[in-house]
Trainee: 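Just passing along the structure, written as structure tokens.
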Amino acid sequence: MTKNRMAKLEERLNICSRYVSPSLFAASLVLIITVIALFVPPYIGMADNGDYFRILYSNGLYFNAPDYDSLYLGYFNKQFGIFQYFNENGATLTSSQSLLIRLSIWINSWFDPEVFDIRVQGAFLTLMYTLAVYLMVEALTWKVPAKYGYLVAILSVFLFADTAYTAFFNSFFSESIVWITLILLFASGLLLFRKRYSDYVMMGIFFFSGLLLTTSKQQNAPVGVIIAIMGIIFIFIRKQRSYRAMMASSLALLMIAGVATYVLIPKEFVNINQYHAMTRGVLMQSEDPEETLKSFGIDKQYAILNKSIYYEPYTTVDVDSKILEDEFYSHYGFVSILAYYLTHPDQAGKMLDLAAKNAFTIRPPAMGNYEKSVGKPFGAQTTFFSGYSDLKRALAPKTFGFIVIWMLLITGIYMPQFVAAIKAKHIRSMVRLPLLLMLMLMGLSGILVSIIGAGDADLSKHEFLFTAAFDLVTLAAISDAITRSLWQNKTEVATESKSA
């Protein structure tokens with residue numbers, strides 16, 4: 001292409017960006033593709049793996065399909081009954097997901113007070129998602145030449161419209177909330193860095209998305225603590241006392257939310273995770289399970305539980321029995337298992353590599369995406385707009401060493417800019433690296449909490465936070481490379497808006 005044609009193309013793109021910005025372009029395409037995937041037959045969703053009951057009954061819903069048991073894992077079901085009388089079911093778990101479900105039921109009642117269509121929830125999440133994508137792409141392309149901005153927008157559509165992510169919207173899995181709030185958290189942080197939109201509005205989005213993310217599932221308890229610590233730098237981007245007080249209070253509340261989420265984990269789930277942490281983690285990788293049990297003060301006869309699963313219908317001992325509570329569960333916990341792995345790095349390495357093999361899978365392999373009436377085979381999964389997730393699963397290295405290298409590489413790339421900002425005493429320009437580190441640490445916590453807290457049980461789902469954080473951080477790094485912002489440090493620090 002000649003320079004003349006390039007100049008004309010760039011001019012046309014600049015004109016186009018006045019009417020349709022890269023962020024609006026990306027959000028619109030994601031919206032269109034998601035609507036086609038979720039709301040045009042054959043509808044795409046997620047099959048129940050047996051976990052729905054934990055969140056359904058306490059929020060006023062029940063399974064009304066007569067053949068529901070035959071749908072587990074294989075087929076997506078879009079309709080559920082709404083309790084018409086007193087609901088005696090208490091909350092099985094405390095989760096911000098309940099707010100979404102209750103809001104969706106309320107909207108659904110406008111049309112049908114007896115049958116809940118999960119697509120109502122899917123529609124609400126799709127609208128939230130469109131806003132999240134818009135803010136994310138806006139943060140990546142703000143003040144960027146149109147020719148780079150649209151390229152970033154196209155890459156963003158390739159990621160955000162992938163049905164491996166959007167299929168969760170038509171389900172009762174909390175991954176939908178995790179994904180959307182993580183994007184909003186990252187996007188609002190980047191927009192604070194860019195000084196795009198009102199700092200107070202972005203602070204509000206940062207706080208509420210962080211709160212919903214932390215409380216969405218028990219596994220995310222460390223997230224609130226990580227945000228509170230890494231987000232301290234946001235306190236100083238403005239000089240006004242009111243802003244600093246509000247941001248400091250927000251971070252303190254996120255810290256409290258993280259601690260509360262951990263404390264409020266129901267005893268039932270503590271036992272399930274604790275059982276798997278030993279049988280599907282410590283014992284599974286041990287060369288001498290009996291000796292390993294002895295190191296925890298547990299009778300060696302319990303080595304027979306090695307590699308067993310809590311949900312097995314026929315077991316050698318009742319997993320909820322008092323004898324197991326006294327002689328097994330009471331002898332270990334998260335801290336003691338962490339200490340064991342630290343003193344047995346070979347076993348820890350095996351578990352980390354095992355976790356890494358599942359850390360890049362977005363769509364859980366066990367659950368189907370279609371309704372039974374569609375006629376697809378049991379457990380069939382959609383291939384519609386899934387290029388990114390398929391490529392990621394095929395090409396991503398499956399060792400924990402790669403994850404370490406990735407984190408070091410991202411840190412190394414952004415460190416010079418961070419140092420330059422420190423020397424220039426521009427607080428706002430220092431934000432980007434801590435924000436990226438925040439997401440990476442959150443993703444890493446997802447891996448560590450999974451293997452220490454529950455062994456290899458359902459790893460592909462438990463590590464969703466990591467795969468989501470990996471995608472957002474990598475997208476930001478690639479976008480910066482495309483827009484050459486990493487090589488503009490000399491001018492960026494000088495031109496970036498100073499702290500108010």
Side-chain angles (χ1 to χ4, degrees), residues 94-96 99-100 128 131-132 134-136 138-139 142-143 177-178 180-216 220-264 414 417-442 445 465 469 472-473 476 492-493 495-500:
T94 304
S95 170
S96 58
L99 298 174
L100 166 69
M128 284 182 62
L131 173 63
Y134 175 86
L135 292 177
M136 185 68 201
E138 182 72 6
W142 174 240
K143 291 186 178 179
I177 292 290
V178 171
I180 293 175
T181 53
L182 187 67
I183 297 171
L184 286 171
L185 179 78
F186 191 37
S188 58
L190 286 175
L191 289 167
L192 280 168
F193 157 68
R194 300 284 191 189
K195 203 176 181 182
R196 172 70 167 138
Y197 303 125
S198 165
D199 284 345
Y200 288 92
V201 173
M202 291 303 105
M203 176 177 60
I205 294 175
F206 185 86
F207 168 68
F208 284 110
S209 57
L211 184 63
L212 292 173
L213 174 61
T214 302
T215 57
S216 61
N220 288 354
V223 168
V225 178
I226 292 171
I227 297 174
I229 294 173
M230 300 303 296
I232 289 175
I233 192 169
F234 283 105
I235 297 174
F236 304 102
I237 64 174
R238 293 181 69 97
K239 294 180 180 179
Q240 287 89 343
R241 289 184 178 180
S242 59
Y243 170 85
R244 292 187 172 186
M246 290 174 67
M247 179 57 81
S249 300
S250 298
L251 295 177
L253 287 173
L254 289 172
M255 173 79 79
I256 294 171
V259 175
T261 300
Y262 178 78
V263 172
L264 293 174
Y414 287 92
Q417 183 192 45
F418 181 71
V419 172
I422 291 175
K423 291 179 178 178
K425 297 181 180 180
H426 287 164
I427 303 295
R428 199 178 291 263
S429 298
M430 300 178 195
V431 166
R432 182 153 51 181
L433 179 58
L435 188 61
L436 291 167
L437 287 173
M438 178 192 299
L439 258 72
M440 289 191 288
L441 290 174
M442 286 162 56
S445 75
L465 182 60
L472 293 180
V473 171
E492 185 180 59
V493 172
T495 58
E496 195 71 47
S497 299
K498 295 182 180 180
S499 300

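We count residues from 1, following the sequence as given. A quick note: this is a predicted structure, and the numbers were derived from the prediction, not measured.
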Trainee: With rounding to the nearest 0.5 Å, note down the distance linking CG in Leu253 to OG in Ser249.
Mentor: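 The CG atom of Leu253 sits 6.5 Å away from the OG atom of Ser249.
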Trainee: Just verifying a value: how many Å separate Leu213 CG and Ile227 CD1, rounded to the nearest 0.5 Å?
Mentor: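 Leu213 atom CG to Ile227 atom CD1 measures 5.5 Å (nearest 0.5 Å).
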Trainee: Can you name the closest pair of heavy atoms from Arg196 and Met202 and give their distance?
Mentor: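 Closest pair (atom of Arg196, atom of Met202, distance): O-CG, 3.9 Å.
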Trainee: Quick one: ring pair (Phe, Tyr, Trp, His ring centres under 6.0 Å) partners of Phe206, sequence neighbours excluded?
Mentor: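 Phe206 satisfies ring pair (Phe, Tyr, Trp, His ring centres under 6.0 Å) with Phe234 only.
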Trainee: Roughly how far apart are Leu436 CG and Leu472 CG, rounded to 0.5 Å?
Mentor: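 So the CG of Leu436 and the CG of Leu472 are separated by 10.0 Å.
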Trainee: For Tyr243 versus Met203, what's the shortest heavy-atom pair and its separation?
Mentor: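 Smallest interatomic distance, heavy atoms only, reads CE1-SD, 3.8 Å.
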Trainee: Does the side chain of Gln417 come within less than 4.5 Å of Leu433's, by heavy atoms?
Mentor: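 No, their side chains stay 4.5 Å or more apart.
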Trainee: Quick check: do Leu182 and Val223 have side-chain heavy atoms less than 4.5 Å from each other?
Mentor: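 No, side chains not in contact.
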Trainee: Of all the heavy-atom pairs spanning Leu251 and Gly231, show the shortest one and how long it is.
Mentor: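 Smallest interatomic distance, heavy atoms only, reads CD1-O, 3.3 Å.
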Trainee: Can you tell which of Ile180, Leu465, Ile177 makes a side-chain contact (heavy atoms from CB on, under 4.5 Å) with Ser216?
Mentor: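 In the set Ile180, Leu465, Ile177, the residue that makes a side-chain contact (heavy atoms from CB on, under 4.5 Å) with Ser216 is Ile177.
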Trainee: How close do Leu190 and Ala139 get, heavy atom to heavy atom, and via which atoms?
Mentor: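 Taking Leu190 first and Ala139 second, the nearest heavy atoms are CB-CB, 3.6 Å.
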Trainee: Looking at CD1 of Ile237 and NE2 of His426, how far apart are the two atoms once the value is rounded to the nearest 0.5 Å?
Mentor: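 Here the rounded value is 14.0 Å.
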Trainee: Give me the atom names and distance for the closest heavy-atom approach of Phe193 to Arg428.
Mentor: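 Phe193 and Arg428 have their closest heavy atoms at CD1-O, 3.2 Å.
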Trainee: Can you tell if the side chain of Thr215 reaches within under 4.5 Å of the side chain of Asn220, non-hydrogen atoms only?
Mentor: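 SC-SC contact between Thr215 and Asn220 ruled out.
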Trainee: Kindly compute the distance separating CG (Leu435) from CE (Met440), expressed to the nearest 0.5 Å.
Mentor: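 Reported to 0.5 Å precision, the distance equals 10.0 Å.
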Trainee: Hey, does Arg432 have a side-chain heavy atom less than 4.5 Å from the side chain of Phe418?
Mentor: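 Phe418 vs Arg432: side chains apart.
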Trainee: Side chains of Leu135 and Ile205: does their closest heavy-atom pair fall under 4.5 Å?
Mentor: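 The answer is yes, as the side chains (C-beta and beyond) meet within the 4.5 Å cut-off.
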Trainee: Answer yes or no: is there a side-chain heavy-atom contact under 4.5 Å between Val431 and Leu192?
Mentor: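 Not touching, per the 4.5 Å side-chain cut-off.
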Trainee: Can you tell me how far apart CD (Gln240) and CE (Met246) are? Round to the nearest 0.5 Å.
Mentor: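 Gln240 atom CD to Met246 atom CE measures 11.5 Å (nearest 0.5 Å).
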Trainee: Among all residues two or more places apart in sequence or in another chain, which pass the ring pair (Phe, Tyr, Trp, His ring centres under 6.0 Å) test with Tyr134?
Mentor: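 Residues passing ring pair (Phe, Tyr, Trp, His ring centres under 6.0 Å) with Tyr134: none at all.
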Trainee: Hey, does Met442 have a side-chain heavy atom less than 4.5 Å from the side chain of Leu185?
Mentor: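 In contact.
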Trainee: Please report the closest heavy-atom contact between Phe236 and Ile427, naming both atoms and the distance.
Mentor: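 Result for this residue pair: O-CG2, 3.6 Å.
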Trainee: Answer yes or no: is there a side-chain heavy-atom contact under 4.5 Å between Phe208 and Thr181?
Mentor: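 No, their side chains stay 4.5 Å or more apart.
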